**Q** 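Below are the structure tokens for one structure; questions will follow.
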Amino acid sequence: MGFEGKVALVTGAGTGIGKGVAVALGRQGAKVAVNYIVDPAAAEDTVRQIVDAGGEATSVLADVSLPEQVANMVGLVVDVYGGIDILVNNAARQPNLSLLEYDEATYDAVMAVNCMGYWLMIQAVVPSMKARGGGRIINISSVHGKRPTDFDVVYAMSKGGIKMLSREAAIELARYQITVNVIEPGAVRVGAKSGNPRPIVPPGLAPEIRRQDAHSKFPLGRVGQPEDIAHVVAFLASAESEYITGAAIRADGGSMLL
Amino acid sequence: MKLRGQVALISDGEAESGRAIARKLLTAGSRVVINVAPTADVESLKAAFGPAEKERGEVLWTQYGLIHTADVEDLWKEVLTHWRRVDVLVHNSQLVRPVSVEDCDPRLYQELMDVNVKSAFLLTQAFGRQAETNSGRIIYVSTIHDQKPSGSSFVYSVAKGALAMLAREAALDLGRRGVSVNVIEMGPVEGDDVRFASSLSDVYTAYRFKVPSAVLGTYEDLAHVVWFLALPESRFLNGASIRLDGGFHLHYMNHKMKRE
């Protein structure tokens, strides 16, 4: 239980990696604000898992791409829990469209949530972190901040942007003892993702080929779980990690090596 | 004259760098489309472009915004009507503004992202939509700040970080159709100490001497690498980032600078 007295805000925490992160921080003693946008029941399930483990959590609705909603959400969390120590930027859209399939509105929407939303969240939590003498900002990126996806060009662009957002924010916010780091997950097995209207692999490809393909891409022999990423978040959020900033930790089972 | 018969489209005639690239490609025999912003004074830009165009080759000046699909489609239509093809796309749009993570206004963030990277995305789509495309070059002029934080203009860095991934994605997607897509990470030129003045990072303090040779880059240096990437012989370069900074990015020991 490393996070007693700490408050964490996790965006996109109703499902997938965000849910795993929120639950892990909550179980380790943090009060957790569970942000969601589409599925209140999923966010409530995250809250329930934390409360069942003896922790404290609340769900908060906001579209992270809208400055007003971000400000309102952060204001609410500060009112309820007294401040924010840990921000985990995780909410992302991934429509799985190729270069020529993207229309302008979808481009704008993906960049707004995945890239601008990360910045808006950082900007909004800085005053509270400053007031508390420091903070931890952890941006969930992807191996696709470096390696192209070959299935969603704008998703990769947004992750490339997050790389530089994190480095710039790290040097700007260092004077407040706020650290900013990146985690680059590879493939992570999650439930049905709300932002994922289309499968990455075309329906024509047989499932066993998909499985073989996936297996052959992970030296550690398996796809990641949300808990794998949550461990790294907890490490970066811990007091002991105060000297790490502007760094990126790839957590992908070695997949980037193949 | 190795680019004879080709048509190159350059995104920004307002910038001296864009015009330097245009001059170089014209000299190599290419026909050149120079786009400028709808608000720009084209006549004075043409004057700034230098000697009579007919001495250099053919130039088409166009005036379109590049941050909406409809405008980019109109630009493409005009170019195809005029020359029926685009072989080389050079995206060189650079908008640098001092902004901080703490204080930046969301509208300014959006403008900086649109000019610096969305325009590249839309132009790349337009290039890829040419039905007959089975060859071509896309060259994004970027910056060392797609890797190194500037400490002064975070949105510019974010945009160019995104641009780097657009290049890698397009290198695969359009690469299957014979198009290669590469990035030039431009380093310091005269004036960058003002453009990137920072209270957080001393990277541009005495910046000339942080280039090991103590010589800053020029737009002619940039134009030379654009030309190189456009050459037919450069066909196997795809998805690459070429750092063009005289070694500036590698510097960190101030006491070893050439001057001091």
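On a predicted model such as this, the values are computed, not experimentally measured, just so you know. Just so we're on the same page: letters track the sequence lines, and every chain starts at 1.
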**Q** Mind listing the closest non-hydrogen atom pair of A:I171 and B:P149 along with its distance?
**A** CD1-CB, 3.8 Å
**Q** Of all of B:C104, B:A70, B:A159, which one pairs up most often with chain A through heavy atoms under 4.5 Å apart?
**A**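 Among the listed options, the one with the most contacts to chain A is B:C104.
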**Q** Side chain, backbone, both or neither: which part of A:V153 has an atom under 4.5 Å from a heavy atom of chain B?
**A** both
**Q** So what's closer than 4.5 Å to chain A heavy atoms on B:L166: side chain, backbone, both or neither?
**A**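 The answer is both parts of B:L166.
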**Q** Just so I understand: if I count every heavy-atom pair under 4.5 Å between each of A:G145, A:P67, A:A112 and chain B, which residue has the most?
**A**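 Going by pairs under 4.5 Å, I would pick A:G145.
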**Q** By a 4.5 Å heavy-atom criterion (distance strictly below it), what part of A:I122 contacts chain B: side chain, backbone, both, or neither?
**A**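 Interface part for A:I122: side chain.
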**Q** What are the sub-3.5 Å donor-acceptor pairs between chain B and chain A, distances to 0.1 Å?
**A**
| from | atom 1 | to | atom 2 | distance (Å) |
| --- | --- | --- | --- | --- |
| B:H68 | ND1 | A:E104 | OE2 | 2.6 |
| B:T69 | N | A:E104 | OE1 | 2.9 |
| B:T69 | OG1 | A:E104 | OE1 | 3.3 |
| B:V101 | N | A:E172 | OE1 | 2.7 |
| B:V101 | N | A:E172 | OE2 | 3.1 |
| B:V101 | O | A:W119 | NE1 | 3.0 |
| B:V101 | O | A:Q123 | NE2 | 3.3 |
| B:E102 | N | A:E172 | OE2 | 3.0 |
| B:E102 | O | A:Q123 | NE2 | 3.0 |
| B:E102 | OE1 | A:Y176 | OH | 2.6 |
| B:E102 | OE2 | A:K130 | NZ | 2.9 |
| B:C104 | O | A:Q123 | NE2 | 2.9 |
| B:Y109 | OH | A:M116 | N | 3.3 |
| B:K118 | NZ | A:E104 | OE2 | 2.7 |
| B:K118 | NZ | A:D108 | OD1 | 3.0 |
| B:K118 | NZ | A:D108 | OD2 | 3.3 |
| B:Q125 | NE2 | A:L99 | O | 2.7 |
| B:Q125 | NE2 | A:Y102 | O | 2.8 |
| B:R129 | NH2 | A:L100 | O | 3.1 |
| B:D146 | O | A:K163 | NZ | 3.2 |
| B:Q147 | O | A:R167 | NH1 | 2.5 |
| B:S150 | N | A:E168 | OE1 | 3.3 |
| B:S150 | N | A:E168 | OE2 | 2.6 |
| B:S150 | OG | A:E168 | OE2 | 2.9 |
| B:G151 | N | A:E168 | OE1 | 2.9 |
| B:S157 | OG | A:E168 | OE2 | 2.5 |
| B:R168 | NH1 | A:K146 | O | 2.5 |
| B:E169 | OE1 | A:T149 | OG1 | 3.2 |
| B:E169 | OE1 | A:D150 | N | 3.0 |
| B:E169 | OE2 | A:T149 | N | 2.6 |
| B:E169 | OE2 | A:T149 | OG1 | 2.7 |
| B:R176 | NH1 | A:D150 | OD1 | 3.3 |
| B:R176 | NH2 | A:D150 | OD1 | 3.3 |
| B:R176 | NH2 | A:D150 | OD2 | 2.3 |

**Q** Checking heavy atoms, do the side chain of B:V155, its backbone, both or neither come under 4.5 Å from chain A?
**A** neither
**Q** I'd like to check the side-chain hydrogen bond (donor to acceptor under 3.5 Å, both in side chains) partners of B:R208; sequence neighbours left out, ordered by chain and number.
**A**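 side-chain hydrogen bond (donor to acceptor under 3.5 Å, both in side chains) list for B:R208, sorted by chain: B:E190.
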**Q** If you compare all heavy atoms of B:L172 against all heavy atoms of A:P148, which two are closest, and at what distance to 0.1 Å?
**A** CD1-CG, 3.6 Å
